[in-house]
Amino acid sequence: MAELPSDLRNLESRLEGCSVLRRVVCFSEIESTSEHLKALARAGEEEGMVVIADHQTAGHGRHGRSWYSPPGVNLYLSVLLRPSIEPSKAPLLSLFAAVCVAESVRAVCGIRAGIKWPNDILLRGKKCSGILVDMEGGSRGVDWVVVGIGLNVNGRDWPEEIRPTATSLAEQSGRRFDRGVVGSTLIGRMDSEYVKALGDGFASVREKWLAYDMLSGERIRLTERGTVTEGVVIGYDDLGAIILGDEDGSRRKVFSGEAERVARV
């Protein structure tokens, strides 16, 4: 097995102030940090485990898409949570993760990120991070949640298919970053925000997320399970579902899908 790069070593020692996310396992190569952590979750692993990789051979994002995961440049991270919340509130965890990434990006590189519903992180119109939230539970509550995050830190050489839309912290700021610093900043932010969210039942997450939202008031094209519709984003419900307004004045909620702005003419 390849040696772990120096910037990802000893990450756990930087998390002394964390109260939940304190255990870190780093891999030089793995198929998927989230798939590995989901297996641990099903086997009874306690809340707070963080899995990080230098390279993923089968990284993936929402809607089954692959996530470009080359070695040596970016951050691939998954965390295990076991929140005491009703399953109906689980969508708020996606908003929670997006807020933590956006705030961490601003902290490390000084650029304000935007969030494209529900949890794509954009810098100056290009995507620098994707988030995938997996969970298991039942009528009695959430059993476990695995939050997987891919964050483009120093990447620049993008595959042709994502070149027009992908970016990284380095591209946007003009400087390289220590992935250990970026990773510990993100983990620390997730830890503190998670503790706060548990205290208020995730009530504050939506308001924090709205501060980074990029689609309010915009006309969008939304693809959901093969169906394409258009409408104007007039708001979000308490759980983060998008509220679309139609030309006839009707409103409808959409809980998942892929949203893209429609150019105004």
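Within the 3.5 Å criterion, the main-chain N or O of Gly155 finds a donor-acceptor partner in the side chain of Asn74. Using modelled atom types, one side-chain atom of Thr185 and one backbone atom of Val181 make a donor-acceptor pair closer than 3.5 Å. Side-chain N or O atoms of Tyr76 include one that pairs as donor or acceptor with a backbone N or O of Pro70 at under 3.5 Å. Under a 3.5 Å cut-off, the side chain of Arg82 and the backbone N or O of Val142 do not form any donor-acceptor pair. Proximity of a side-chain donor or acceptor of Ser94 to a complementary backbone N or O of Pro91 within less than 3.5 Å is not detected. Judged purely by atom type and a 3.5 angstrom limit, Lys127 has no side-chain atom pairing as donor or acceptor with the backbone of Ile121.
Ion pair Asp246/Arg252 flagged as a salt bridge, since at least one NZ, NE, NH1 or NH2 atom sits closer than 4.0 Å to an Asp/Glu carboxylate oxygen. Salt bridge annotation for Glu103-Arg106: absent, with no cationic side-chain nitrogen under 4.0 angstrom from a carboxylate oxygen.
The side-chain contact (heavy atoms from CB on, under 4.5 Å) check on Ser88 picks up Glu86, with sequence neighbours excluded. With sequence neighbours excluded, the residues that form a side chain to side chain donor-acceptor pair (under 3.5 Å) with Ser69 are Gln56. With sequence neighbours left out, Pro5 forms a side-chain contact (heavy atoms from CB on, under 4.5 Å) with Asp7, Asp54, Arg179. Partners of Lys126 according to the side chain to side chain donor-acceptor pair (under 3.5 Å) rule, which considers only residues two or more places apart in sequence or in another chain, do not exist here. Partners of Arg22 under the side chain to side chain donor-acceptor pair (under 3.5 Å) rule, at least two apart in sequence or in another chain, do not exist in this structure. Among residues two or more places apart in sequence or in another chain, the side-chain contact (heavy atoms from CB on, under 4.5 Å) test is passed with His36 by Phe27, Ile30, Leu40, Val51. Listed by chain and residue number, Glu136 satisfy the salt bridge (charged side-chain N to carboxylate O under 4.0 Å, His left out) test with Arg42 (two or more places apart in sequence, or in another chain). Among residues two or more places apart in sequence or in another chain, the side-chain contact (heavy atoms from CB on, under 4.5 Å) test is passed with Leu95 by Leu92, Val205, Trp209. Under the rule for a side chain to side chain donor-acceptor pair (under 3.5 Å), Ser173 has no partner lying at least two apart in sequence or in another chain.
Tracing side-chain contacts under 4.5 Å through hydrophobic residues (I, L, V, M, F, W, Y), one never reaches Leu122 starting from Phe177; they form parts of separate clusters. Under the 4.5 Å side-chain heavy-atom criterion for ILVMFWY residues, a single connected hydrophobic cluster contains both Leu4 and Val50. Using a 4.5 Å cut-off between side-chain heavy atoms of Ile, Leu, Val, Met, Phe, Trp and Tyr, with links allowed through other members, Val232 and Phe255 fall into different hydrophobic clusters. By the criterion of side-chain heavy atoms lying less than 4.5 angstrom apart, applied directly or through intervening Ile, Leu, Val, Met, Phe, Trp or Tyr residues, Val146 is grouped together with Met49 in one hydrophobic cluster.
Residue pairs satisfying the salt bridge (charged side-chain N to carboxylate O under 4.0 Å, His left out) criterion with at least one member in residues 202-212, sequence neighbours excluded, are listed as follows: Glu193-Lys208. Residue pairs meeting the side chain to side chain donor-acceptor pair (under 3.5 Å) criterion with at least one partner in residues 146-165, sequence neighbours excluded, are Trp158-Glu171. Among residue pairs with one or both ends in residues 228-237, those qualifying as salt bridge (charged side-chain N to carboxylate O under 4.0 Å, His left out) are Arg219-Glu230, Arg221-Glu230, Asp237-Lys253; sequence neighbours excluded.
Within 6.0 Å of CD on Gln172 lie more than 12 heavy atoms contributed by other residues, nucleotides or ligands.
Tested against Val182, the residues Ile187, Val153, Leu77 include a single side-chain contact (heavy atoms from CB on, under 4.5 Å) partner, Val153. Among Asp143, Val145, Leu81, the single residue meeting the side-chain contact (heavy atoms from CB on, under 4.5 Å) criterion with Met135 is Val145.
Minimum heavy-atom separation, Arg175 to Cys109: NH2-CA, 3.6 Å.
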Stepwise side chain to side chain contact (heavy atoms under 4.5 Å, CB included) test for Glu46 and Trp144:
CA-CA 9 Å; Glu46 294 181 359; Trp144 56 259; over 6 Å; no
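When side chains are defined from C-beta on, Leu186 counts as touching Ile149, because their heavy atoms get closer than 4.5 Å. Side-chain contact between Cys128 and Leu151: present, with at least one pair of heavy atoms (C-beta onward) separated by less than 4.5 Å.
Side-chain contact of Ser216 with Asp213: a donor-acceptor pair under 3.5 Å is present, judged by distance alone.
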